[in-house]
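Step one of this worksheet: look at the structure below.
Keep in mind it's a predicted model, so treat the numbers as computed, not measured. Chain identifiers are assigned alphabetically (A, B, ...) following the order of the sequence lines, protein sequences preceding nucleic acid strands; residue numbering begins at 1 within each chain. The figures here come from the full heavy-atom set of this structure, side chains too, leaving out hydrogens, waters and symmetry mates.
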Amino acid sequence: MNAIFADVPLFPERASTTAYQVDALFFFLCAVCGGMAVLVAALLLYFSFKYRRRGEDDRTPRITGNHRLEWFWTIAPLFVFVVMFVWGAKIYTSVSEPPPDAMEIFVIGKQWMWKFQYPGGERAIENLYVPVDQPIKLTLASEDVIHDFFVPAFRTKIDVIPGRYVQIWFRPTKVGEYHLFCSQYCGTNHSQMIGKVFVVERDDFRKYLDGRKATGSLADQGWQLFLKFQCNTCHSSNAEARAPVLEGLANNMVTLNNGKKVRADDGYLRESILNPEEKVVQGWQPIMPTYKGQANEEDIIKLLAYIKSLKPGQTPSRNENSSPPLDAPRVPPKEKIEPGDRKPPYQPEGQNGKP
Amino acid sequence: MSEQLTPTKTYYSVFAALVALTLLTVGVSFFELGNWHTTVGILIGVVKASLVALFFMHLLHSSKLSWLAALAGLFWLVILMGLTLSDYLTRQVLDF
Amino acid sequence: MSDAIVRGFVPQAKARPPRTPETHYLNVEYGVKSWLLTTDHKRIAILYLIAVTALFLLGGAAATMIRLNLMTPRGELLPADTYNKLFSAHGIIMVWFFLVPVVPTVLGNFILPMMVGARDLAFPKLNLISWYIFTIGGIITLWAILAGGVDTGWTFYTPFSTKAARTNVIPTIIGIFISGFSSILTGLNFIATLHRMRAPGMTWTRMPLFLWSSYATSVILLLATPVLAMALILVGVERAWGIGIFDPDLGGDPILFQHLFWFYSHPVVYVMVLPAMGIVSEIITCFSRKPIFGYIFVAWASVGIAVLGFLVWAHHMFVAGQSVYSAQVFSALSYLVAVPSAIKVFNWTATLYKGSISFETPMLFALGFIALFTMGGLTGLMLAALGVDMHVHDTYFIIAHFHFIMVGGTVMAYMAGLHYWWPKMTGRMYSDFLSKLSALIIFVGFILTFLPQFVLGYLGMPRRYHVYPPEFQILNVMSSAGASILAVGYLLPLIYLIWSLFAGKAAGPNPWGATGLEWQTPSPPPPHNFDETPVVTSGPYEYATEEITDVH
Amino acid sequence: MSTNRGLVAHHFEDIEQQRDVEAFGMWMFLATEILIFGAVFTAYTVYRLRYAADFEAASSKLNVLIGSINTIVLLTSSLTMVLAVHATRAGRPKMLMICLLLTIFFGLTFFGFKAVEYYEDYEEALVPGLRFDPGEWAERSPPANAGHVQLMLVFYYIMTGLHAVHMIVGIGLLTWLVYRARRGTLTPARYMAVEVVGLYWHFVDIVWIFLLPLLYLAGTHRASDLHF
């Protein structure tokens, strides 16, 4: 008997800071609710035994209620509920606000696989490697239907919704290998849209990334796309530019032509690529064509990484080195453009061991 | 529902008011109102709908039960719209 | 509490030996036509009973296949597609063609007009039409499920249901849409009856609690079902046209569907459980021979649940990308709806205090209901907490929770009600031993099936998984084993209840010594229920008075 | 009870109770209808607020003249409907028949205009999925998002389509009333059938009262928009 049950887990592993918070609340809820359940069950059993019918001549008292008692059990639970609500809301809010030093990893869900893109441009499917004790912010997008990114050991879960970005963050606390599930039903192989999250030491993480041999960082790849889509035709830094300069734009406030102010976050940038006429920056004409159908979710993630990495004076100007028109036979642009044209756009905080 | 008949004159005047309000609401749409067209249109619509309900549908002289049913429908519509919009109007953070 | 004691219960004189009346609603006419064209609410209830039982068996068969497949982590029994179609079929049939209609249309149709002292529902023809609508909807859905199936789950989430699914989504939706009107018309009929057809003297506060809960249920059916109907139409249009309202490519929001869907589908949980609560209130009082503790609180709790139940729907969407603020509003509101449910549980328990409790079959089921419903409700509190829901959402924890409410709650109470009113409906008594045995089997089988699923869920096993990591196997095997016990428990009543029709003892008008107008008539009741309109002079649960049979 | 035998169904106590129940039943059904349309209105509101400019652009392409005329046609049919109820209760069978037929006539007139409008929408490439030109919207000044325009148009067809379905049911009910009026079974004592169908007909009218501003009057119009 013991042998069978030795391997049966009864409680999931805890591998993130969130997991401890969620479990603490869960234990509290179990205690309160369990207490109530035991109380009700005990009363049911006790009354059933004590007041069982002893004969057809049993007399019962006429008790029709007791307002004080009834008001008590109407009002009293509310106080307990307030605690449950506030505690739960606190955890939930903290999970939706990533710390500023979080490392950003992009996740794309599609039927039926998970794709990951690291800031250094490394790509992976199915298995996500993250360094221990480092806050990780995931930005997630879906290419088809709603999926859900669920890591039980982290106690975090978020639906990945087509048409927009969602975010979640966690701080892994324990080295190990954990399940990754898609927990929103997404079709035939829903139950096989699974993977593993490997929490590894920082050094191992660096080694892992080195082994992925990226063709340039995410921002580098974005830069290639930027040229491929000829974004620099309009988004150039020179005087005759027909579109806003993108340098230093990301995550700052911009004023739209209807006077509203919005933050140029990932969602805004994504929308501006796919639905450019929707939120036009004040002072510019809505002339940009949509890139819907040309840029897929992965491309947009790369472009975003590039735009976010752009510092003043780094926008490539149009010259004879500019990339050929869209879909022309591609030569790696890195070799065509002089190194002096731009500075390396992105360095992932010295973690990236690449030259 | 067994009270005396409403005189037909009432119906004709309500009808005249409804037509006038229709012309008004269409007329207003030719003025530059910015974002307010729908709001104004809905407000006039509420007046028209009330006229129809109160006089043509005899709600004015109906039993409390009919009022109950009509108001329940409206109340639940407010719940549906209000709580759904409570999501959409507070979403900007991660919204696109 | 002693101040509330007025009089003591005095047992009635021994009744005459029971016998079956000569003319009753079952034998007043014969032939298939007399059944298919009947407008007698009692016959229509029997028609529903047959339809709903057949659908329950089909839904149960799908559940059996699901549990069999989950015995092994690799899911060797069924291909993934078949598995997905089976759990969709299970959900669709059980929700729309069993749990929602079962208590209102079977027990409600039969008992409600008699309880109010009326000769029929307010709109008898509409009642028959409802049955036809239900049956037509059921046949279309069944056809869709059997001829190819549908693999969206019962939730039809967009954009999967509109763009990705390659199965019979549209016929299924049409079937559900049609049967929805059966719900609406039934609710309409009940409300009109309760407002307008009550016997003289039957004031609101003299109504049995089953009527209060039926009223609350009908309000939900009337006001929530249309939103589902529309949401499903929008899905159908988007799917048929290829262009539509939830389409992210056009800037549409797939989450909007979830709002509309749960606006119906959360309140509909109360459609399932409110009438169940009504049944339990009737039975607890009857078998402890005491009036309900705190009648007004229990009655208004039903109304409270019906109204508050509409304010909490987005707690199904805490991780679905709705706004953080909205999620907090819905979490807070979700706690409010727990209060009236808690009131009911406490008041039932208090009703037992100092009672004279006998453990007939209906009472066993009712006590089982209270225990299981309490667990279901309390785990619901855990789900309303945002932080915990983030972890257990869409896992087996949810599955276990709502099966505690729907199977442990609704089905348990339905069984209680069926056994309670069976003698009234058929004039016959069923086997005491077998029925008590089946109550026990169902309770044990249920616990064994669904308790492990809480553990599975917290471990992280997502719902709708055809294959799963091997370490979850033992808990799944336990659950499947429990399910087979449960299946036996559900098949047993089918046998002894049918048996009782032929070989059961005559029940007599009031085998349980219960109050309530329905027990004033012979069993089975005559076609028009009452020869003379009864006059009500006292509250519903006058168990603790000198005269318990005389309501005049 | 004995005086009204034959009028009152077996399960009612008296005619009063029966009439109350019948009106209440229809009102409850209308509460359901409020939520049927309410679900679409809610969805519409969500996008209307989010994509205000695009929805207004799309709205300006709809035929405001036909929309307005149809509003008045429906209001007139409501008037004749309520006069029909009046005629029944006043015991004027001829007037009842005329009013019922007029109501049906105005209902059909509505469909006539609606058909012209749908045809024009098709001609003007306003039918997403069937005939629609995204480029045209992108080239407008200011450009509108073709996706959001399609969203608005889908709402337009669903809302007007749903309304039309209700009109068809209403015309069916009116035809049934005409049949009963001919057989002379609509009398001052038995007027509830007309009243109840009237409630339904007026409700469908109310829905259109709201469709007019939501669909046709969302943006600013110019005099040139008034054409068939």
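In this structure, the portions of B:A70 lying under 4.5 Å from any heavy atom of chain D include both its backbone and its side chain. Both the backbone and the side chain of D:T76 come within contact range of chain B, each with at least one heavy atom under 4.5 Å from a heavy atom of that chain. Residue contact with chain B, scored on non-hydrogen atoms closer than 4.5 Å, involves the side chain of D:V85 exclusively. Proximity to chain B involves both the backbone and the side chain of D:F41, based on heavy atoms less than 4.5 angstrom apart. Neither the backbone nor the side chain of B:V28 comes within contact range of chain D; no heavy atom of the residue lies under 4.5 Å from a heavy atom of that chain. Heavy atoms closer than 4.5 Å to chain D are found in the side chain of B:T84, but not in its backbone. For chain D, the nearby parts of B:T8 are the backbone and the side chain; heavy atoms of each come within less than 4.5 Å. Both the backbone and the side chain of D:L79 come within less than 4.5 Å of a heavy atom of chain B. Interface remark: D:A218 contributes backbone and side-chain atoms alike to the contact with chain B (heavy atom separation under 4.5 Å). Of the atoms belonging to B:L74, heavy atoms from both backbone and side chain fall under 4.5 Å from chain D. In this structure, chain B has heavy atoms under 4.5 Å from both the backbone and the side chain of D:A90.
Side chains of D:M28 and B:L65 form no contact here, defined as non-hydrogen atoms less than 4.5 Å apart. Considering only heavy atoms from C-beta on, B:Y88 stays 4.5 Å or farther from D:L49 through its side chain. A 4.5 Å side-chain heavy-atom check between D:L217 and B:H37 finds every atom pair outside the cut-off. Under the 4.5 Å side-chain criterion, counting only non-hydrogen atoms from C-beta, D:F203 is in contact with B:M57. Considering only heavy atoms from C-beta on, D:T71 stays 4.5 Å or farther from B:L18 through its side chain. Residues D:W27 and B:L59 form a side-chain contact, since some pair of their non-hydrogen atoms from C-beta on lies under 4.5 Å apart. Side-chain atoms of B:L21 and D:I209, non-hydrogen and from C-beta on, never get closer than 4.5 Å to each other.
Counting heavy-atom pairs under 4.5 Å between each of D:E56, D:E33, D:R48 and chain B puts D:R48 at the top. Note: B:L85 leads B:L85, B:D87, B:V19 in heavy-atom pairs under 4.5 Å with chain D. Heavy-atom pairs under 4.5 Å with chain D were tallied for B:V40, B:L71, B:I42; the largest tally goes to B:I42.
The two residues D:L75 and B:F56 come nearest to each other via the heavy atoms O-CE2, 4.4 Å. Smallest separation of non-hydrogen atoms from D:L83 and B:Y11: CD2-CD1, 4.0 Å. The two residues B:T22 and D:S68 come nearest to each other via the heavy atoms CG2-O, 4.4 Å. Annotation for B:A69 and D:A31: closest pair O-CB, 3.5 Å, computed over non-hydrogen atoms. Pairing each heavy atom of D:T42 with each of B:M81, the nearest pair is OG1-CG, 3.3 Å. Closest of all the heavy-atom pairs between B:A49 and D:F210 is CB-CE1, 3.7 Å.
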Under the side chain to side chain contact (heavy atoms under 4.5 Å, CB included) rule, what do D:L214 and B:T38 come out as? Steps first, then yes or no, please. CA-CA 6 Å; D:L214 282 179; B:T38 306; 4.0 Å; yes
Between D:L199 and B:H58, is the side chain to side chain contact (heavy atoms under 4.5 Å, CB included) condition met? List the steps. CA-CA 9 Å; D:L199 288 178; B:H58 304 127; 5.8 Å; no
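Rounded to the nearest 0.5 Å, atoms OG (B:S62) and CG (D:D20) are 9.0 Å apart. Note: D:H86 NE2 to B:T10 OG1 = 9.0 Å, rounded to the nearest 0.5 Å. Taking CD1 of D:I34 as the start and CG of B:L80 as the end, the distance is 12.0 Å to the nearest 0.5 Å.
Shown here is D:F111, whose CZ atom has more than 12 heavy atoms of other residues, nucleotides or ligands within 6.0 Å. Atom CZ of D:R180 is surrounded by more than 12 heavy atoms from other residues, nucleotides or ligands within 6.0 Å.
Not a single donor-acceptor pair under 3.5 Å links the side chain of D:H202 to the backbone N or O of B:A53.
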